[in-house]
K.L.:
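Structure in structure tokens, see below.
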Amino acid sequence: QVQLVESGGGLVQVGGSLRLSCAASGSIFSINAWGWFRQAPGKQRETVAVITGRGSTSYADSVKGRFTISRDGAKNTVYLQMNSLKPEDTAVYYCKVYSSRDYWGQGTQVTVSS
């Protein structure tokens, strides 16, 4: 069975940095893409960044130039490097694996305080 375990969230001051990790365990025969999503209080879940099996990346306009998604195929792990953090980045962040079916991480809280 597949499990996605997230880590790296926490409390950081405005302008600071965090790196989120999402490690997949179990058998996933074909990963088409990885994604990071976030959900702020009272808001819908939104896409933050996506990386495909070919390595192509895409980002929400609000995080372009500040966030970087990357992956390590050997470790079945995806990362989200977050720099120049703003209070509006505060949310629960979720990773997702796109394969024959979709899998979600448990979520990790990121809080940016001024």
K.L.:
Between Gln109 and Thr111, is any side-chain donor less than 3.5 angstrom from a side-chain acceptor?
P.N.:
yes
K.L.:
Using modelled atom types and a 3.5 Å cut-off, is there a donor and acceptor pairing between side-chain atoms of Thr77 and backbone atoms of Lys75?
P.N.:
yes
K.L.:
Assert yes or no for the condition that the ring centre distance of Trp104 to Phe37 is strictly below 6.0 Å.
P.N.:
yes
K.L.:
Membership question, hydrophobic clusters at under 4.5 Å side-chain separation (ILVMFWY): are Val2 and Ile31 in the same one?
P.N.:
yes
K.L.:
Is the backbone of Gln81 close enough, under 3.5 Å, to the side chain of Arg66 for a donor and an acceptor to pair up by distance?
P.N.:
no
K.L.:
Within the distance-only criterion (no hydrogens, no angle test), does the side chain of Glu6 pair as donor or acceptor with the backbone N or O of Ser21 below 3.5 angstrom?
P.N.:
no
K.L.:
Just jot down the side chain to side chain contact (heavy atoms under 4.5 Å, CB included) partners of Ala24, sequence neighbours excluded, or say none.
P.N.:
Leu4, Ile28, Trp34, Asn76
K.L.:
Applying side-chain hydrogen bond (donor to acceptor under 3.5 Å, both in side chains), name anything that partners Asp61, two or more places apart in sequence or on another chain.
P.N.:
Lys64
K.L.:
Relative to Tyr94, does Arg45 satisfy both conditions: NZ or CZ under 6.0 angstrom from the six-membered ring centre, and within 45 degrees of the ring's axis?
P.N.:
yes
K.L.:
Is a side-chain donor or acceptor of Tyr103 paired with a backbone partner of Cys95 at a separation under 3.5 angstrom?
P.N.:
no
K.L.:
Counting only N and O atoms by type, is there a donor-acceptor contact under 3.5 Å from the side chain of Thr52 to the main-chain atoms of Arg54?
P.N.:
yes
K.L.:
OG of Ser30 to OH of Tyr98: how many Å apart, nearest 0.5 Å?
P.N.:
14.5 Å
K.L.:
Has the side chain of Gln13 got a donor or acceptor atom that lies under 3.5 Å from a matching backbone atom of Val112?
P.N.:
no
